[in-house]
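See structure below.
In this text the structure is predicted, and so the values were computed from the model without any measurement. Labels below follow one simple rule: chain letters A, B, ... track the order of the sequence lines, proteins then strands, and each chain is numbered from 1.
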There are 2 protein chains.
Amino acid sequence: MSQGVEWALHCTVTLAGQPEGATLLGRDLALYHGVSEAYLLKHLQALVRAGLLESLPGRAGGYRLARPAAEISVLDVVTAIEGVGPSFRCSEIRRRQPGATTEAAAYRRPCPINATMLAAESAWRDVLSGRTIADLLLEIHRRADFDSLVRGAEWLSTRTRN
Amino acid sequence: MSQGVEWALHCTVTLAGQPEGATLLGRDLALYHGVSEAYLLKHLQALVRAGLLESLPGRAGGYRLARPAAEISVLDVVTAIEGVGPSFRCSEIRRRQPGATTEAAAYRRPCPINATMLAAESAWRDVLSGRTIADLLLEIHRRADFDSLVRGAEWLSTRTRN
DNA sequence: GGAGTGATACTCGGATATCTGGTGTCCGAGTTTTCGCGG
DNA sequence: CCGCGAAAACTCGGACACCAGATATCCGAGTATCACTCC
């Protein structure tokens, strides 16, 4: 799985902790998390395309959530980065084995191997779609070291726009 | 996810359908599934290293299951090919954000983001570990086209060894 | 002083290099078979 | 005819190229700001 997923999730949670309507620069998000700015922009771009973030262009630009954090699931962020397709892709090799029939009707049901893998991915998705960014933000506020949290919030507050 | 996982699963199921103790050549497994022989060997090798298959060297060589199909889970095969590590890897970027404490005690708990991803992967693993190769073989025998099944079995029977 | 206007500075967006891991292939190590030879 | 032995044939195992996708980066499109000018 791409490293960008982690960055995207942290950035989304960070933006969720900002005041309503406020924006943060991609540059500051990169600085805050200690990652490459140019590369992070590429991932933020993907989040914008997926409709999770809003980007304001121009000099007073920045990023902010496109909808409430409680309505953005972790799965939304993951699929925005990784793509929507299943990671396991069945190439239907059963049709190539000797003696296999050519009738399409025999292959309407997915082969059990594929079905199993898809079921596993479905379970994976269920967990991720059951957790929202708002949940993560709340959890972090509860679990994190208090002083670190305050200092981080202070650092961000000096960069918040609007 | 690697294409080799699909090949490995099909080969393992195929071997599970063979008589007790009988072997099949890697070459025949490749022919049967219509895939590259040399590349398939690479994956079979991984299954042997993982202790799922047994390989007999020499002229009378071949592959067979190292233990009963009912004791080989789908997860075993997948991890043999893909590796045991989680696909999501947390780089602990929370420690790099401004104002973060350096005390290790604050980071004993995994960050909620990582915890969520790990929980999802755990659910994924649970599904795969709950399904055995024997289950898949039974399911295939039930669902597959009967004639194709018979012809496939005949083709294999001429190549079975021992 | 206020409004209009052009230049400017700054931000995001897509197009462009680089590199790691999956994909694909090959030849050598090792074992069984087989053929030949001798008893 | 039977036992023995060496050579051969065949199989798996690990080492070696190749390529797609992730990684990393840069420059251009677009907009709010700002300074300057004019009324």
Side-chain angles (χ1 to χ4, degrees), chain A residues 1-8 11 15 22-31 33-64 66 78-85 87-89 91 93 159-162, chain B residues 1-8 11 15 22-31 33-64 66 78-85 87-89 91 93 159-162:
Chain A
M1 171 159 306
S2 171
Q3 182 86 23
V5 172
E6 185 185 6
W7 296 10
C11 286
L15 289 173
T23 64
L24 278 176
L25 295 182
R27 181 189 184 184
D28 290 333
L29 281 169
L31 258 65
H33 294 110
V35 300
S36 157
E37 174 189 354
Y39 189 29
L40 180 63
L41 285 181
K42 184 181 179 66
H43 294 306
L44 293 177
Q45 201 173 307
L47 295 178
V48 171
R49 270 198 296 263
L52 304 180
L53 299 189
E54 247 177 11
S55 68
L56 302 185
R59 181 166 182 179
Y63 293 95
R64 64 185 172 199
V78 172
T79 55
I81 303 295
E82 288 287 301
V84 65
S87 74
F88 179 85
R89 200 163 292 272
S91 66
I93 65 178
R159 316 262 175 151
T160 301
R161 294 187 163 198
N162 280 23
Chain B
M1 172 160 305
S2 172
Q3 182 85 24
V5 172
E6 186 186 7
W7 296 9
C11 286
L15 289 174
T23 63
L24 278 177
L25 294 182
R27 182 188 183 183
D28 290 331
L29 281 169
L31 257 65
H33 294 110
V35 300
S36 158
E37 173 190 353
Y39 189 29
L40 179 63
L41 285 180
K42 186 182 178 67
H43 294 306
L44 293 177
Q45 202 173 309
L47 295 178
V48 171
R49 270 198 294 264
L52 304 181
L53 300 189
E54 247 177 10
S55 69
L56 302 185
R59 183 166 179 177
Y63 292 96
R64 64 185 174 199
V78 172
T79 55
I81 301 296
E82 287 288 302
V84 63
S87 74
F88 179 85
R89 201 165 291 273
S91 66
I93 65 179
R159 316 263 175 152
T160 302
R161 294 190 166 197
N162 282 21

### Message
Does C:dG14 have its OP1 or OP2 closer than 4.0 Å to a side-chain nitrogen or oxygen of A:Q45?
### Response
yes
### Task
May I have the distance from A:H43 (atom NE2) to C:dC12 (atom C1'), rounded to whole angstrom?
16 Å
### Task
Walk me through it: do A:L40 and A:C11 pass the test side-chain contact (heavy atoms from CB on, under 4.5 Å)?
CA-CA 9 Å; A:L40 180 63; A:C11 286; 3.8 Å; yes
### Query
Nearest-Å distance, CG (B:L41) to P (C:dC27)?
15 Å
### Message
Can you tell me if A:S55 touches the phosphate of C:dT11, counting only side-chain N or O atoms and a distance under 4.0 Å to OP1 or OP2?
### Response
no
### Message
Does anything in residues 33-40 of chain B come within less than 4.0 Å of DNA chain C? Heavy atoms only, and list the residues if so.
### Response
B:S36, B:A38, B:Y39
### Message
Rounded to whole Å, please give me the gap between CG in A:L29 and C1' in C:dT11.
### Response
13 Å
#### Entry: Annotated protein contacts, base or backbone, on nucleotides 29-36 of chain C with a non-hydrogen cut-off under 4.0 Å, one of B, S, - each
-BBB----
### Task
Report yes if at least one side-chain N or O of B:R49 is closer than 4.0 Å to OP1 or OP2 of D:dG14; otherwise report no.
yes
## Note on the structure
For B:H43 and B:I81 the tightest heavy-atom approach is O-CD1, 3.9 Å
### Query
Out of C:dC12, D:dA24, D:dA15, which has the shortest distance to the side chain of B:K42?
D:dA15
### A:R161 side-chain N/O to C:dT11 phosphate OP1/OP2 under 4.0 Å
yes
### Query
C:dG13 P sits how many Å from A:E54 CD, rounded?
11 Å
### A:L24 side chain reached by A:R159 side chain, heavy atoms, under 4.5 Å
yes
### Query
Checking all strands, does A:L56 fall into the base, sugar-phosphate, or nothing category for heavy-atom contacts under 4.0 angstrom?
sugar-phosphate
### Query
Does A:S2 put a side-chain nitrogen or oxygen below 4.0 Å from OP1 or OP2 of D:dG21?
no
### Task
List the atom of B:A80, the atom of B:L52, and the distance in Å for their closest heavy-atom pair.
CB-CD1, 4.1 Å
### Task
In whole angstrom, give the distance that lies between atom CZ of B:R89 and atom C1' of C:dG21.
14 Å
### Query
Which part of the nucleic acid, if any, lies within reach of B:L44 when heavy atoms closer than 4.0 Å are counted: base, sugar-phosphate only, or nothing?
nothing
### Message
Testing the basics here: between B:Q45 and B:K42, what is the closest heavy-atom pair and its distance to 0.1 Å?
### Response
CB-O, 3.2 Å
### Query
Do A:R161 and A:L56 come close enough that some side-chain heavy atom pair is under 4.5 Å?
no
### Query
What are the two closest heavy atoms between B:G62 and B:L25, and how far apart are they?
CA-CD2, 4.2 Å
### Summary
Nearest heavy-atom contact between A:A30 and A:E37 is CB-CA, 3.5 Å
### Query
Atom CZ of B:R27 and atom P of D:dC12: how far apart are they, to the nearest Å?
10 Å
### Message
Apply side-chain contact (heavy atoms from CB on, under 4.5 Å) to residues A:Y63 and A:E54 and explain how you reach the verdict.
### Response
CA-CA 6 Å; A:Y63 293 95; A:E54 247 177 11; over 6 Å; no
